[in-house]
There are 2 protein chains.
Amino acid sequence: MQRNPRRKKRVTLRDVAKHAGVSPKTVSNVLNDWPYVSDETRRRVQASIDALGYRQSILAASLRTGRTKTIGVVIPDITNPFFGQVVRGCEDVLYNAGYSIFLCNTNEDAAKERTYLDILANRRVDGLLLFGAHPSSEELTAAVHGEIPIVAEDSPAESDNTTVIDIDNSAGAAMAVRHLLDLGHKRIAHLGGPSERAAANGRHEGYQQALEAAGVDYDPALVIRCKPTMRGGYHAALQLLGDEQPAALFCYNDLMAIGAMVACRRLGLEIPDDVAIVGFDDIAMASLVTPILTTVRVQQYEMGRLASELLLKRLGDDEEVPGRVKVPVELIVRGSCGAKRMSSRQVSLILERLLDSDLVDLAPCESDESHIASQASCVTPDS
Amino acid sequence: MQRNPRRKKRVTLRDVAKHAGVSPKTVSNVLNDWPYVSDETRRRVQASIDALGYRQSILAASLRTGRTKTIGVVIPDITNPFFGQVVRGCEDVLYNAGYSIFLCNTNEDAAKERTYLDILANRRVDGLLLFGAHPSSEELTAAVHGEIPIVAEDSPAESDNTTVIDIDNSAGAAMAVRHLLDLGHKRIAHLGGPSERAAANGRHEGYQQALEAAGVDYDPALVIRCKPTMRGGYHAALQLLGDEQPAALFCYNDLMAIGAMVACRRLGLEIPDDVAIVGFDDIAMASLVTPILTTVRVQQYEMGRLASELLLKRLGDDEEVPGRVKVPVELIVRGSCGAKRMSSRQVSLILERLLDSDLVDLAPCESDESHIASQASCVTPDS
DNA sequence: TTGTAGGCGTTATCAA
DNA sequence: TTGATAACGCCTACAA
C-alpha cells in the first residue's frame, strides 16, 4: 500500500486544507479563483500553500474535469522552417489561453502519424491541430474516435467536429505557372511534393490548370514528385534537368526549390538565365539565396494563429465555427524567375523586410491586427 | 452525479472487463503487456477493446503510477533553426522511448520561462530539457521543487538531479577570433548575445581570451550585446560599423551574423573585403548566404539526442549519469572571413553537404553512430 | 494466472 | 460561504 519509500510523499490539497484548517473544497476554490471565498480564508490558504510548497496536480484535476488544457500539434517536421513558423503561431495563441502543446513530428510517416494520433487521444488532449498531415479521413476519425475537436490544414476530412484550413494551393500554383508562361517559358517542369499531402496535390492541380488555360500540353515526363525537402528537390531537379532540360521549374515548396538551385549549380546552369525557378511558402531561406527566390507566400505564422483561434472557438463551443476556411497566398516576384534583374537596392529591401520575421524581437501582440483576410494577390518587390 | 448528459459516457477498462468476462486487472495486464496472460484471454480482451472502441486513459494511469511519460522541452524560440534542430533530436529519441513532448517557447522572456517551468511541474512531467534557458539556478530549483530530473544546456545550476551540457563556447569563440587575428585583423568587434544566456557569456569570454592571448587590448566599445536574432545583429552591426568601422565581426550566432551581413549590404560594405564576419552554430542558412558564412559548428541535432539520452538515463536511475558533459565545436572556415576565395566547386560541395541535413529523408536511425565524441577541431571546406 | 479492494489528487454535489 | 463525500479511470497489493 505504501508508495516507493525513497520518494517522500507529495503534498496534496488535503494537506493544505488540514494545515489551513479548512476543507479541501475551500482550497480548491482558492486555486481556481472561485469568487465566493472570503479574503481572510483565501489568505490563510495561500499561506499554507506557500508554507508546504504545494503544487496542484493538473493530472488529477484533468481526470476529474475531463479537460486537460492540452493540445496536440501534429506536423511533418519541426526542422522545416515552415512548420517552425506555424507552430510558433500556435504556441503564442494557445499559451495565452492556458493550453500546453504536445509537439508531434510525423516525419512524413503515416504509421507514426497514426501512432501519435492514438497517443494524443489517449492523453485526452482537448483538441488537435494538424498540419501537412496525411489526408485519409478514416484514419482521423478512427484515431480520435470522433470526439476530439480538430483544425486541420488541407485535409479532405469533413465532419462536424473538424475545421479545415485550405491554403489556396491551386490558385497560388496557377499564379506561379502563369507568371512563368508570361515570361515566355514553354517547358515548365514541376517538382511536386508527396502525393499523400493534400497541399501537394492542390499545387499540382494548379500547375496543370495554368498550363491548360494557356494551351500548353501537360507532359507527365516534366513532373516528379518526392519528399518536400532540399534533398528531394536536388535529386528531382538533377533528374529532370539531365533528361529534358526544361526552361523553368515550379517547385512544391521553397526547400525543394533551393535543392533545385543546388542542382543547377552542380550542372553549371545559370539561374534564371538557363533555368527559371519558382518556389512556394516564402520561408526565410528564400530571401537568402542568390538569386533571391521567387515564390508564393503563405503566411505561416498567421496560419498557426488562425488555426489555434478556430480550435479555441470550437472548444468554447458557444459560437458557430466554420467548417472550412480559406487562406490566401500571394506571388512574390524576385530574382530566380528572370522577370527582372534585381538591383542591389531591391535585394537590400527584401533582406531588411526579412528581419521583421524575427518573432522574438516583436512585442507580444504586435501582429494582432495582421490577421489573414485579403485575397490571393500579386506583389512585386517595389510594392 | 451524472456527467454532462450531452457527452456519452466513456468506455472504461471496467466496461471492457465486463464485456470480455474477465476482471479489470486482466484487462490492465493485457494493456501493459504483462507476460502471464494466456493467449486466449489476451485475444478475447483485445476483441472487446476493439468492439467497444476502448481507449486507455493515460491520465488516470499517470495519476496512479506517478509517471506521465511526458517531458518538458523549454527553448527560447522554435522559429530559430538552431532549436528546431535540437528539438528534432529530442523528439527522435524520446518518441522511441514512449515519451511525449511539451514544447515551450520562452521567447527570451524570464517570466514566461518561470511560468512554463511551473506549469510543467504541475503537469508532473517526468523530466525537463532546457536549452538556452536563463541561468538563475534558484529559479530552476524553486520551480521544479528539486524533484524533476533535468538536463540543461549551458546552465550554471549544479544539483544532483541535473546534468549540464556545456557547449564548448569559449573554446569555439577563441578559435574563431584567433582565426580572424591570424588573418591580420586587429579591430575585431563582437556582436554578443543576451547576457542572461550562459552561452552568450561563454562566447564573450572566449573572444576576450583570444584577444588577450594575442596581446590585443579589449575595447568595450567594440562589443554590443543584444537579442540573438537577425534583427538584433542587423542593428548592432549598423551601430558598430557606423561608429568605428571595425575590420571584423565575431557574432554570437549565425542569425546575428546574417543580420550583420544585411547591415553591411546596406552600408555598401563588401564581405569579406571591407568586413570579415564569423558566426556561430552553423545553421542551414549559413550555407545559403553569399559569401558563405564562416562559423563555429555546434551539432544541434546530436546535442538534442544526447541531452535526451542523458535524461532517459536519469529517469532509469539505474546508472550513474554524469553531472556535466562537454559538447565540442569546430571552426568551419568558408567565405565570409576572407581566409580564402571560395571556388564555385567548393561552394557546390558545401551546399551538397547541406542536403544531408534533411532529416526527413534519413532513415530513422541512420545517424545513430554519429554521436558527439570528438574534440573541438578545425575543418576547412576541402577536408 | 486471475479477482478484489483500495487509493492516486482533484473537483462536483449537495447540505449545512 | 464552507464542509463532507463521492466520483474520475486506472494500477497495485494481496488473496484466491
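In this text, all values refer to a predicted model and were calculated from it rather than measured experimentally. Protein chains get the first letters and strands the later ones, always in sequence-line order, with residue 1 at the start of each.
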* Gap between atoms CG and C1', on B:Leu59 and C:dT11 respectively (whole Å) -> 14 Å
* To do: Please check the phosphate of C:dT1 (OP1 and OP2 only) for any side-chain N or O of B:Asn29 closer than 4.0 Å.
  => no
* Asked: For B:Lys69, does the NZ atom sit with more than 12 other heavy atoms under 6.0 Å from it, leaving out its own atoms?
  -> yes
* To do: For A:Thr41, report the nucleic acid contact type (base, sugar-phosphate, nothing); a contact means any heavy atom under 4.0 Å.
  => sugar-phosphate
* Asked: How close or far is atom P of C:dG9 from atom CD1 of A:Ile49, stated in whole angstroms?
  -> 16 Å
* Return the value, rounded to whole Å, for the distance between atom OH of B:Tyr54 and atom P of D:dG9. => 10 Å
* **Rounded interatomic separation in angstrom, taking CZ from A:Arg14 and P from C:dG7** => 10 Å
* Checking B:Ser308 side chain against B:Val93 main chain: does a donor-acceptor pair fall under 3.5 Å? -> no
* Asked: So does B:Glu91 pair up with A:Lys112, basic N to acidic O under 4.0 Å?
  -> yes
* Is a donor-acceptor pair below 3.5 Å formed from side chain B:Arg64 to base C:dC8, judging by atom type as modelled? -> no
* Residue closer to the 5' end of DNA chain C, A:Lys25 versus B:Ser23 (nearest nucleotide) -> B:Ser23
* OP1 or OP2 of D:dC11 under 4.0 Å from side-chain N/O of B:Ser28 -> yes
* Asked: Less than 6.0 Å separating the ring centroids of B:Phe102 and A:Phe102?
  -> yes
* Asked: For D:dG3, does either OP1 or OP2 sit under 4.0 Å from a side-chain N or O belonging to A:Thr26?
  -> yes
* To do: Quick one: label B:Ser38 by what it contacts on the DNA or RNA (base, sugar-phosphate, nothing), any heavy atom closer than 4.0 Å.
  => sugar-phosphate
* **Ion pair A:Asp77/B:Arg88, N-O distance below 4.0 Å** => yes
* Structure fact -> When rounded to whole Å, the CG to P distance for the pair B:Leu63 and C:dG6 reads 18 Å
* Asked: Roughly how many Å is it from CG in A:Leu31 to P in C:dG9, rounded to a whole number?
  -> 15 Å
* In whole angstroms, how far is the C1' atom of C:dT1 from the CZ atom of B:Arg42? -> 12 Å
* Asked: Hey, is the side chain of A:Thr65 poking within less than 4.0 Å of OP1 or OP2 on C:dT10, counting only N and O atoms?
  -> no
* How do A:Pro24 and B:Pro24 order along DNA chain D: which one's closest nucleotide is nearer the 5' end? -> A:Pro24
* Separation of atom CZ in B:Arg123 from atom P in C:dC8, rounded to whole Å -> 22 Å
